[in-house]
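Input: a single structure, listed below in structure tokens.
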Amino acid sequence: MKLYYDNDADLTVLKGKTVAVLGYGSQGHAHALNLHESGVSVIVGLRSDSRSREVAQKDGLAVHDTAEAVKKADIVMVLLPDEKQKDVYEKDIRPNLQPGNALAFAHGFNIHFNQIVPPENIGVFMVAPKGPGHLVRRVYTQGAGVPCLFAIHQDPDDNLRDVALAYAMGVGGTRAGVIETTFEEETESDLFGEQAVLCGGVTELINTGFEVLVKAGYRPEIAYFECLHEMKLIVDLMYEGGIAGMYHSVSDTAEYGGMTSGPKVINADTRKRMEEILENIQNGNFAREWILENKAGRASHEALRRKHSRLPIEQIGGELRNMMSWIKKD
Ligand code: NAD
Ligand code: MG
């Protein structure tokens, strides 16, 4: 697998071009500021009533209404919430695109699941930093970068790989390494990761372990430290040294017990469920469900949020974290 670094990219490809960054949230502010400081001509596109306008202006960036920014731009990076992109595309983006313009994304959802279908004479690419926006910004100011994925969906003028790599360089990605992917691979693996492993899988694992201990009569404070708090320490060890590195650092008792009990928790049945989750993503059912959920005013999503906020682990966790002076509170 090839990793692209600063030497593989050429920022002068963006010379004379204007990049419009739509949205000034987590990713938007990081892309816009990093590109600006890399010498790229950047403008920010926002709604006329957006509270972010003032922030972007204070940061020294030119701000326009979304439609106006698209008109002025050669490259339009869409950093709006995924579920809002289609409406903004129909209303403000598509009518203002010129042949030769390129549309860019940091996640493939709307292109891969056909919510946005740009005309054939518009280039479409992705540059997706593999980290949250505040990190993309902070790491850049420290002279480093966050690794990125890039992908080309359609390339009418046969120049988008250079443009995408230059864009990735402008946000700092080629300082850390950039990998080529496809919209399909990025979208489906990203959704699977957050559902089965990262957000969904890990939280259910933690909460179920917590509830089993509490039901057996152990104090919730102890259960919280065991099942949630210590997760970070274990994950940090795996981040640095892989699974073997983690097992090297814990006791032999923990290693033996973990290796024998782990497959009882995540067993053949769990694997089958994971495969079903992946299939539900690949066949478009998850995308359709989420799009319809948004059209329905998120009735289910809000109900799930209520249910989650009432979990005992959240109550005890809130109290305990308030006593942990070393955890940043904001
Ligand atoms: P965000 O919610 O932090 O910011 C969205 C921005 O869009 C805000 O400035 C908001 O004011 C603006 N906005 C909201 N509704 C709008 C509308 N109707 N019209 C115009 N502007 C509107 O979003 P984010 O997390 O930065 O995500 C942006 C994109 O980046 C998404 O495609 C997401 O999948 C992708 N991405 C995010 C992360 C991350 O860490 N957050 C990582 C990789 C990729
Ligand atoms: Mg992700």
Side-chain angles (χ1 to χ4, degrees), residues 1 3 128-136 138-139 142 144-149 175-177 179 188-278 281 307-330:
M1 187 186 64
L3 273 160
K130 287 285 99 184
H134 71 268
L135 208 65
V136 174
R138 193 200 323 141
V139 168
Q142 294 163 346
V146 166
C148 291
L149 301 178
R175 293 171 176 176
I179 300 169
E188 293 176 355
S189 62
D190 191 71
L191 291 171
F192 177 79
E194 65 203 19
Q195 291 178 24
V197 181
L198 304 173
C199 307
V202 145
T203 53
E204 286 302 319
L205 185 67
I206 289 172
N207 187 48
T208 305
F210 171 88
E211 288 182 358
V212 166
L213 281 176
V214 171
K215 190 176 171 210
Y218 300 92
R219 279 171 297 163
E221 292 84 350
I222 300 297
Y224 177 87
F225 275 107
E226 256 335 301
C227 298
L228 191 149
H229 184 84
E230 279 197 47
M231 180 65 81
K232 174 172 164 42
L233 315 175
I234 294 299
V235 168
D236 282 349
L237 290 171
M238 288 193 283
Y239 181 85
E240 283 161 20
I243 292 170
M246 183 277 289
Y247 272 140
H248 177 75
S249 294
V250 299
S251 69
D252 285 1
T253 313
E255 182 183 5
Y256 177 75
M259 286 176 169
T260 52
S261 285
K264 295 177 192 160
V265 179
I266 308 295
N267 55 23
D269 188 50
T270 322
R271 183 180 294 262
K272 190 156 170 290
R273 301 263 175 263
M274 281 198 187
E275 287 166 356
E276 286 166 9
I277 288 167
L278 181 59
I281 291 166
K307 188 177 143 202
H308 272 253
S309 72
R310 288 175 190 148
L311 289 175
I313 195 172
E314 294 289 76
Q315 313 297 330
I316 193 73
E319 289 165 28
L320 286 171
R321 288 190 302 274
N322 271 334
M323 297 189 286
M324 299 178 194
S325 56
W326 62 92
I327 294 181
K328 201 174 70 196
K329 297 186 182 63
D330 51 21

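As a basis for the values below, the full set of heavy atoms in this structure was taken, side chains included, without hydrogen atoms, waters or symmetry mates.
Interatomic distance, Ile243 CD1 to His248 NE2, rounded to the nearest 0.5 Å: 16.0 Å. For the atom pair CD1 (Ile206) and CD1 (Ile313), the distance works out to 6.5 Å, reported to the nearest 0.5 Å. To the nearest 0.5 angstrom, Leu320 atom CG is 12.0 Å from Gln315 atom CD.
Pairing each heavy atom of Glu255 with each of Val250, the nearest pair is N-CG2, 4.1 Å. Contact detail for His308 and Glu314: the closest heavy-atom pair is O-CG, 3.6 Å. Closest approach of Tyr247 to Ala254, counting heavy atoms only: CE2-O, 4.2 Å. Contact detail for Cys227 and Phe210: the closest heavy-atom pair is SG-N, 3.5 Å. Heavy-atom minimum distance, Gln195 versus Ile281: OE1-CD1, 3.6 Å. Taking all atoms of both residues into account, the shortest heavy-atom contact from Gly131 to Val136 is O-CG2, 3.8 Å.
Using cut-offs of 30° and 60° on the angle between ring planes, the pair Tyr224 and His229 is tilted.
Side-chain atoms of Thr208 do not come within 3.5 Å of backbone N or O of Leu205 as any donor-acceptor pair. Side chain of Thr260 to main chain of Gly257: a donor-acceptor pair is present (N/O by atom type, distance under 3.5 Å, no hydrogens or angles).
Every residue two or more places apart in sequence or in another chain that forms a side chain to side chain donor-acceptor pair (under 3.5 Å) with Asn267 is listed here: Thr270.
Electrostatic pairing of Glu275 and Lys272 does not count as a salt bridge here, judged by no charged N lying under 4.0 Å from a carboxylate O.
Within 6.0 Å of atom CG in Leu311, more than 12 heavy atoms from other residues, nucleotides or ligands are found, so the atom counts as buried in its surroundings.
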